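The structure presented is a predicted model; accordingly, all values stated were derived computationally and were not measured.
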Protein chains: 2
Amino acid sequence: MSTTQVTSESQGQYKAKAFSAASATSKLVPTVISRREPGSHDVQIEILFCGICHSDLHQVRNEWSVMPTVYPCIPGHEIVGRVTKVGSAVTKFKQGDLAAVGCLVDSDGSCPDCQTGLEQFCPQLTLTYNSRDPHLGGVTYGGYSDSIVVKDHFVLHVPSNLDLAGVAPLLCAGITTYSPMRHWGVTNGKKVGVVGLGGLGHMAVKFAHAFGAYVVVFTTSENKKDDAIRLGADEIIISSDPTQMKKHTSSFDFILDTVSAEHDINAYIQLLGRDGNITLVGAPDKPHAVSAFGLLFQRRSISGSIIGGLAETQEMLDFCGKHNITADVEVIPIQKVNEAYERMLKSDVKYRFSINMESIKSD
Amino acid sequence: MSTTQVTSESQGQYKAKAFSAASATSKLVPTVISRREPGSHDVQIEILFCGICHSDLHQVRNEWSVMPTVYPCIPGHEIVGRVTKVGSAVTKFKQGDLAAVGCLVDSDGSCPDCQTGLEQFCPQLTLTYNSRDPHLGGVTYGGYSDSIVVKDHFVLHVPSNLDLAGVAPLLCAGITTYSPMRHWGVTNGKKVGVVGLGGLGHMAVKFAHAFGAYVVVFTTSENKKDDAIRLGADEIIISSDPTQMKKHTSSFDFILDTVSAEHDINAYIQLLGRDGNITLVGAPDKPHAVSAFGLLFQRRSISGSIIGGLAETQEMLDFCGKHNITADVEVIPIQKVNEAYERMLKSDVKYRFSINMESIKSD
């Protein structure tokens, strides 16, 4: 990696192992990076597991024009580990505690969004990777690493009863699906649809089921049925079958659309009842074609959502502890990360890869 | 008109004057129709004014594939008049009272929508015109007439202090803009945008101003400024000027989009702040292209709305009485209705035509 990206300021630094990509077409390879020594409000974490999010792949391959990638790029924002050191002002963590970090590592703390616990909308937020790093210069480096240092406000407590490999994806896939369902009032007795049964979708099914909703999974493939039911679905609808779809016209309270590929959103809008909402958590490159009539006649709405604030993320983790919810993961060593990316592109994972960071020690 | 459309049932009938169109390409011409004698729950109204809504023109010209026109067609759903007779079971109106009728004249009364006062979403609703008429057969006939008979639940009280010509458009243009602003929480201090300054838009400006919002009118034409300010706007934005638009990024709580012509809705979505909503009350033929990213980043939403329920329509009329709000109208005799349609197509009216039904007596 380029050392110009980590020009030291007054702050002390230490070396950490990581996997980084040197360009949009490079594979992720072992490297050594500098992390800041924990300041008074910082928590240093030994990373035990890091989930692989589709965003990691997009960022590594520079596929987002709105967020160009700075190389070397070290992705990873589904981080769970153990506290190795805390700053002098840190009160909520101590060495040895389990800890987790999601997509955010800093924000201004003073804007109306931060003041209401919605740090994900802060105009000055610092993402876990590929964001300007105010401490060391360059950009932030994510969780494909053996260690990370994060301001205490952005570090979360992990319930002790959960499998840590399956906890990691909760930090992005989990909160991304939990938050909009809470926001739009998914509760006991509501009829909830989930479009797409991947990393996000399978978490959505688990949460909606745990909230007491009647959960319907939309899929194009009949052979996903057993798995959908196992995850908590009450019913599946083959979305390519107009007869099945029509039977559910105007009947849903809420639909979570996790699909990033282009698809006809009007088919789902028609299924919403009065004041029903469909929330998008995937973003296709091309705009959705939305018929105004579909929205008018039942006062339906479409919205978007991204992750969640810190308080809500902690609430989600606590909820998972209470209901024994984790992601279904395939645990891999970090040396398999490039292969995992290729498999992820083919949806060949049930339902999320989780990197066992113990493996990085051998690199 | 075809008498097969008004085959009598057991109910008594009387003759009323009206203007009807015989086909999609016909002009509206004088005719005589049958109305039912008021039943026990009915109110008979002498129509004093009827507003001309763009929907009238669409229906007369059979421009809506989802609601094919049955001819002869007698439009008009912005009706204000005086009670001439009431049925034996009617308690809330008496002869001589002012009364108004909007887009609905019946619904099933028992569905969840009706039970919550949202009759506009009832699956069995009867529209004021071109809906199946359960009493006389054929379709319902609207307010381009000297008289109408309507079930009491669908008849509204009119505040006595308002100009009746300007009250008529409240029954559609008024409630269509009032309802979504109430639903999405437009109150004192909110920043509210109005897209399009026509029949609906000018009412939206008046209501938003009366609610205490900071009101911004989006227009393509600088010369609408004075009028927008007079109607209650605090600011106008020339929507074709990207610099002006950009200045307001992420700052609106609510935008009401009254434009039925094709336009770029993403430009307005970008202006919404966190949890901001844009509600469509106009419906272009083609779907809107909606970028998912615009919705994701501030948890913004798009929705649609149609008119309002009976209770809310009464609330709106009472609000208008209290705040002295009516539509800005150009009063015309019914003999000018065909000319008015042509002028409406060119937006050559400030801001709504209101037919003085006194004129129909001379036909």
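Two residues are said to be in side-chain contact when any heavy atoms from C-beta on lie closer than 4.5 Å; Val281(B) and Leu296(A) fail this criterion. Side-chain contact check for Ile302(A) versus Val290(B): every heavy-atom pair is 4.5 Å or farther apart.
For Asn277(A), no part lies under 4.5 angstrom from a heavy atom of chain B. Contacts between Ser260(A) and chain B at a heavy-atom distance below 4.5 Å are absent for every atom of the residue. When heavy atoms are compared at a cutoff of 4.5 Å, Arg299(B) approaches chain A by way of both its backbone and its side chain. If you measure heavy-atom distances from Thr176(B) to chain A, you find no contacts under 4.5 Å at all. For a residue to count as touching a neighbouring chain, one of its non-hydrogen atoms must lie under 4.5 Å from one of that chain's; by this rule Leu118(B) touches chain A with the side chain only. Contacts of Asp257(B) with chain A are absent, with no heavy-atom separation under 4.5 Å from either backbone or side chain.
Considering only heavy-atom pairs separated by less than 4.5 Å from chain A, the leading option among Ser291(B), Pro123(B), Ser305(B) is Ser305(B). Between chain B and the residues Ser179(A), Gly282(A), Pro180(A), Pro287(A), the largest count of heavy-atom pairs under 4.5 Å involves Pro287(A). When Lys286(B), Gln120(B), Gln298(B), Arg274(B) are compared by the number of non-hydrogen pairs under 4.5 Å with chain A, Arg274(B) comes out ahead.
Annotation: the span from Ser301(B) atom OG to Leu295(A) atom CG amounts to 10.0 Å, rounded to 0.5 Å. In this structure, Asp113(A) CG and Ser250(B) OG are separated by 9.5 Å, a value rounded to the nearest 0.5 Å.
Smallest separation of non-hydrogen atoms from Phe121(B) and Phe297(A): CD2-O, 2.9 Å. Pairing each heavy atom of Leu280(B) with each of Ala292(A), the nearest pair is CD1-CB, 3.8 Å. Pairing each heavy atom of Phe293(A) with each of Pro284(B), the nearest pair is CE1-O, 4.2 Å.
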